[in-house]
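Here the structure is laid out as structure tokens; the discussion comes afterwards.
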There are 2 protein chains.
Amino acid sequence: MKLKIIIKKEESFMPWRDGTGPPWLEGKFKGCGFRLTVPRQAILDVLAGTAEHLSAEDIYLKVHKVHPAIGLTTVYRTLELLVQSGMVFKFDFGDGRARYELSENPKGIGHHHHLVCTRCRRIIDYQDFIDEEKDLLQKTERGLSKKYDFHITHHVIQFYGVCRECLGC
Amino acid sequence: MKLKIIIKKEESFMPWRDGTGPPWLEGKFKGCGFRLTVPRQAILDVLAGTAEHLSAEDIYLKVHKVHPAIGLTTVYRTLELLVQSGMVFKFDFGDGRARYELSENPKGIGHHHHLVCTRCRRIIDYQDFIDEEKDLLQKTERGLSKKYDFHITHHVIQFYGVCRECLGC
DNA sequence: CTTGATAATGATTTTCAGTTTCATTATAAT
DNA sequence: ATTATAATGAAACTGAAAATCATTATCAAG
Ligand SMILES: [Mn+2]
Ligand SMILES: [Mn+2]
Ligand SMILES: [Zn+2]
Ligand SMILES: [Zn+2]
């Protein structure tokens with residue numbers, strides 16, 4: 001039963017994951033077999049309107065203020081949908097819950113990596129060094145793809161340590 | 001109460017985390033306020049004797065075969081101890097459970113990164129490209145440390161995608 | 001070897017993020 | 001309007017991980 005569901009989803013995602021379909025970052029569900037409903041729009045709005053790394057419950061609470069009828073279950077389901085479709089990244093920063101971030105912020109920062117403070121759980125986005133990283137990263141990805149026959153879709157780079165605030169005490 | 005415990009632990013770890021104490025990778029707990037007990041030794045043995053990425057329960061089951069009295073609770077506690085002390089890395093590869101790996105395998109591979117197949121959850125270790133990565137990584141870490149006053153202790157680099165086996169079907 | 005202080009253990013209970021279930025509702029095509 | 005199907009949400013459930021707490025192991029002093 002679980003397998004069945006997974007297969008169904010992966011087939012559904014094909015249209016836009018293989019580069020043929022349009023990415024829908026602000027209202028383009030249709031044509032992919034998905035419906036852009038009020039709950040989904042609301043969840044996307046929350047994600048697009050924050051610079052934080054929100055958990056499912058964080059998102060639910062923010063959505064709830066505007067649309068009290070929308071349930072936590074729908075938030076979880078929509079997030080899974082967005083993650084599987086590549087629109088949203090799901091992160092584990094070491095506290096007990098997953099955190100979500102728009103993979104391509106429409107009017108903001110784009111791809112970036114993270115510094116994670118293991119003391120206070122603060123997260124720092126950084127982009128500054130990505131330009132220098134980019135070449136090697138692409139080179140590495142090409143090398144790995146060839147060597148292991150592995151089709152890379154995305155990567156996660158996180159530096160763990162102690163932040164400024166936690167050091168100065 | 002929770003804060004109290006955390007403070008206690010961090011103080012306990014200081015001796016060897018700050019470079020002054022010896023790393024105990026096969027029987028060096030003492031002198032750090034910790035005791036190398038039978039359960040802890042058994043858990044370390046399991047970690048040292050595998051190339052897989054075991055979950056807490058995996059470790060428990062393997063330990064259980066030799067020492068049926070050792071409980072899952074102790075496995076969790078010991079793993080947390082080892083992670084906090086830097087001897088073991090804790091990973092989230094996207095299935096529901098944490099996976100653990102000796103950070104410095106005594107007689108085997110050392111630091112490496114991961115390819116994670118999002119279809120079948122297979123994990124591929126790779127070291128081949130780390131040499132080329134090392135320079136930039138250190139450079140990046142230095143830059144980040146300076147810019148954000150962030151003391152980096154370790155990093156996690158994971159490439160996500162589809163593995164050979166899952167592609168060929 | 002005792003003894004006493006404390007660290008470690010493990011059975012049990014509890015927590016809580018995330019998932020399933022299922023009856024109801026919204027959506028879109030005809 | 002009719003129909004088929006996708007989406008929703010309240011409620012029940014799951015399971016990895018953490019907390020409790022009485023018991024046991026470890027070690028240093030005497
Ligand atoms: Mn971020
Ligand atoms: Mn590994
Ligand atoms: Zn911090
Ligand atoms: Zn695979």
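Letters A, B, ... are given to chains in the order of the sequence lines, protein chains preceding strands, and every chain is numbered from 1.
Regarding A/L81, its CG atom lies at a distance of 13 Å from the P atom of C/dT19, rounded to whole Å. For the pair A/F34 CZ and C/dA28 P, the interatomic distance rounds to 14 Å; values are reported in whole Å. In this structure, the CD atom of B/Q41 is 15 Å from the C1' atom of C/dA8, given to the nearest Å. Between A/L36 atom CG and C/dA26 atom P there is a gap of 16 Å when expressed in whole angstrom units. Look at CZ on A/R40: it is 14 Å from C1' on C/dA28, rounded to the nearest Å. Atoms NE2 (A/H64) and C1' (D/dG9) sit 13 Å apart, rounded to a whole Å. Regarding B/L79, its CG atom lies at a distance of 15 Å from the P atom of C/dA8, rounded to whole Å.
Between A/R35 and D/dA7 there is no side-chain N or O to OP1 or OP2 distance below 4.0 Å. Phosphate contact (OP1/OP2 of C/dT20, side-chain N/O of A/R77, threshold under 4.0 Å): absent. The phosphate of D/dT8 has neither OP1 nor OP2 within less than 4.0 Å of any side-chain N or O from A/T73. Put simply, B/T37 has a side-chain N or O that comes within less than 4.0 Å of OP1 or OP2 on C/dT9. Not one side-chain nitrogen or oxygen of A/Y76 sits closer than 4.0 Å to the OP1 or OP2 atom of C/dT19.
Heavy-atom nearest nucleotides on DNA chain D were determined for A/P68 and for B/K90, and the one closer to the 5' end corresponds to A/P68.
Counting any heavy atom pair closer than 4.0 Å across all strands shown, B/L72 reaches no nucleic acid atom.
Recorded end-axis angle for the helix from C/dC1-D/dG30 to C/dT30-D/dA1 stands at 30°, based on five pairs per end and rounded to 10 degrees.
B/S85 places a side-chain N or O within 3.5 Å of a backbone atom of B/L82 that can act as its donor or acceptor partner.
Between B/H114 and B/H112, the two ring planes are perpendicular [angle over 60°; tilted spans 30° to 60°].
Two residues are said to be in side-chain contact when any heavy atoms from C-beta on lie closer than 4.5 Å; B/Y126 and A/T140 meet this criterion.
Scored by the ring-ring contact (aromatic ring centres under 6.0 Å, His included) test, B/Y160 finds A/H154 as partners (sequence neighbours excluded). Partners of B/D135 by side chain to side chain donor-acceptor pair (under 3.5 Å), not counting sequence neighbours: none found.
Under the 6.0 Å cut-off for aromatic ring centres, B/F93 and B/H53 qualify, their centroids lying closer than that.
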Using the side-chain hydrogen bond (donor to acceptor under 3.5 Å, both in side chains) rule, take B/E141 and B/H155 through it: C-alpha gap first, then chi angles, then the decisive distance, then the call.
CA-CA 9 Å; B/E141 289 196 8; B/H155 60 253; 3.1 Å; yes
